[in-house]
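Worksheet for the structure shown next.
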Number of protein chains: 2
Amino acid sequence: MPRWEQGSADRLTKAALELFEEQGFEDTSVVEIADRARVTTRTFFRYFPDKREVLFAESDRIRTALVQAILDAPEVTEPLQVVITALTGFDWTGPGRELQRRRHAVIAANPGLLERELIKQNDIAIEFIHALQRRGVEEAAARLATRAGMQVFATAYAHWVEGDDGADLRELTDAATALLRTLLPADPSGPSPAEPRSRARYLP
Amino acid sequence: MPRWEQGSADRLTKAALELFEEQGFEDTSVVEIADRARVTTRTFFRYFPDKREVLFAESDRIRTALVQAILDAPEVTEPLQVVITALTGFDWTGPGRELQRRRHAVIAANPGLLERELIKQNDIAIEFIHALQRRGVEEAAARLATRAGMQVFATAYAHWVEGDDGADLRELTDAATALLRTLLPADPSGPSPAEPRSRARYLP
DNA sequence: CACCTGATGTCACACCATGACATCGGGGCC
DNA sequence: GGCCCCGATGTCATGGTGTGACATCAGGTG
């Protein structure tokens with residue numbers, strides 16, 4: 001195929017993004033997308049397993065890169081820091097900031113696509129947990145570190161994109177981590193009735 | 001309608017559960033479910049917005065009860081404890097332990113239903129966050145407390161159902177909370193390069 | 001009895017998704 | 001050059017999902 005010609009997958013993604021912006025996700029049929037990309041619907045489904053997936057082609061690349069970052073982290077690093085560092089170290093601009101913004105806006109505007117985004121995030125979390133376990137982290141700790149780390153990052157990221165001041169993303173994650181710590185009861189004797197903890201089943 | 005006769009919705013749910021057990025979710029059509037329940041597919045879609053939802057009718061009741069538990073918690077309670085207490089205080093056996101077990105087994109065996117379960121949990125999380133905010137908790141804290149609390153509960157619950165010893169669910173959540181605390185860097189000076197924190201944007 | 005109302009059935013239709021097979025065009029090999 | 005192979009795409013047929021419009025039927029009520 002000549003290099004100057006976009007592949008069908010790219011044309012389909014572009015067409016879908018445009019149509020979703022123009023008339024919404026639900027009111028756009030696969031036929032319309034395929035027509036605009038000058039292919040048949042059969043070709044659409046050869047490239048994407050279903051209609052929603054057309055906006056999530058990058059997802060695989062992102063997930064793989066993040067998991068690799070976790071596996072590559074220095075051995076001594078604490079699991080929560082491993083997760084947060086992987087997330088903050090990733091280049092989220094991807095294939096162009098503007099395209100990324102449009103894609104995100106379309107997803108945010110459509111419940112169906114939001115669901116798919118949630119699934120994708122969950123897939124990433126699952127692989128994070130496995131990656132941490134491969135680093136020797138025990139399962140319960142891996143689950144907690146992953147979910148907490150992703151939520152901490154989400155909190156920081158939200159403040160980062162909407163923040164007026166050019167705060168550093170790392171500093172924001174530190175602040176979010178600190179906030180999370182304030183939510184946990186103090187360690188030796190908490191506000192709860194000072195029952196001494198029964199043997200901590202999950203501690204190493 | 002005579003009292004001794006089950007309503008269509010109940011018959012549909014029962015039929016669907018049986019068929020999903022017998023031949024799987026994907027290989028069961030709405031037509032089959034409707035036939036076994038002695039109604040038409042049109043009636044199926046009057047009671048359930050889509051095929052998956054047939055196993056999640058209880059979801060609304062559960063979500064409502066949990067949110068109410070959060071709103072009813074004593075005013076002084078810390079947000080994380082509010083979430084955990086709401087979850088541990090709920091009667092998860094619902095409409096019969098055996099039915100609940102079958103339903104859960106079917107969901108666990110089908111990716112499509114697992115996705116829906118994830119969505120439902122997310123819906124619950126969103127309402128938890130709103131409920132906490134109504135209690136005066138700031139948004140970032142509400143998000144972190146909700147996600148952390150749900151994950152802590154999930155960790156404890158998993159150990160509870162698979163545990164041989166009859167450990168108390170409350171003790172298990174305490175243990176999981178303690179584990180989460182060990183994952184966070186120590187508060188005043190952590191293992192990270194001792195950069196003094198810039199003003200903590202999220203602290204009260 | 002006539003009427004109303006809620007639940008259900010009937011019919012038609014659009015869309016999503018996939019299997020089976022045909023076609024077409026370019027690159028390599030003799 | 002001519003042939004063949006193969007990957008990408010098109011064509012056709014089909015099954016399942018989900019919804020709107022309207023008909024029907026039963027029970028309760030005046």
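None of the values given here were measured: they were computed from a predicted structure. By convention in this document, chain letters (A, B, ...) are assigned in the order of the sequence lines, proteins followed by strands, and residues within each chain are numbered from 1.
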Comparing nearest nucleotides in DNA chain C, the 5'-proximal residue of the pair A:Arg46, A:Lys51 is A:Lys51

Taking only side-chain nitrogens and oxygens of A:Ser8, does any of them come within less than 4.0 Å of OP1 or OP2 of D:dT9?
yes

Whole Å only: how far is the CD atom of A:Glu32 from the C1' atom of C:dA14?
12 Å

Consider only side-chain N and O atoms of B:Glu32 and B:Gln23, and report whether a donor and an acceptor are under 3.5 Å apart.
yes

In whole angstroms, how far is the C1' atom of D:dC25 from the CZ atom of B:Arg38?
17 Å

Could you pick out which residue, B:Arg42 or A:Phe25, lies toward the 5' side of DNA chain C when each is mapped onto its nearest nucleotide?
B:Arg42

Phosphate OP1/OP2 of C:dA14: any A:Ser29 side-chain N/O under 4.0 Å:
no

Applying a 4.0 Å non-hydrogen cut-off, can you work out what A:Tyr47 is touching in the nucleic acid: base, sugar-phosphate, or nothing?
sugar-phosphate

Report the distance from atom CZ of B:Phe45 to atom C1' of C:dA7, rounded to the nearest whole Å.
18 Å

Please say whether the positively charged group of A:Arg102, taken as NZ for Lys or CZ for Arg, lies over the ring of A:Phe20, i.e. under 6.0 angstrom from the six-membered ring centre and within 45 degrees of the axis.
no

Over how many whole Å does the gap from A:Glu26 atom CD to D:dT19 atom C1' extend?
13 Å

Of the candidate nucleotides D:dT9, D:dT17, D:dA21, which contains the atom at the shortest distance from the side chain of B:Val30?
D:dT17

Is A:Arg147 reaching over with its side chain to a backbone N or O of B:Val152, donor-acceptor style, under 3.5 angstrom?
no

Rounded distance in Å - CG (B:Asp27) to P (C:dA17)
17 Å

State whether a side-chain donor-acceptor pair under 3.5 Å links B:Arg38 with B:Ser8.
no

In whole angstroms, the gap separating P of C:dT18 from CZ of A:Phe48 amounts to 14 Å

Output yes when at least one side-chain N/O atom of B:Thr41 is less than 4.0 Å from OP1 or OP2 of D:dG18, else no.
no

Is the NZ or CZ atom of A:Arg63 both under 6.0 Å from the centre of the six-membered ring of A:Phe128 and within 45° of that ring's axis?
no

In this structure, how many angstroms lie between the C1' atom of D:dA8 and the CG atom of A:Leu12, rounded?
13 Å

Euclidean distance, atom CZ of residue A:Arg11 to atom C1' of D:dT9 [Å, nearest integer]:
11 Å

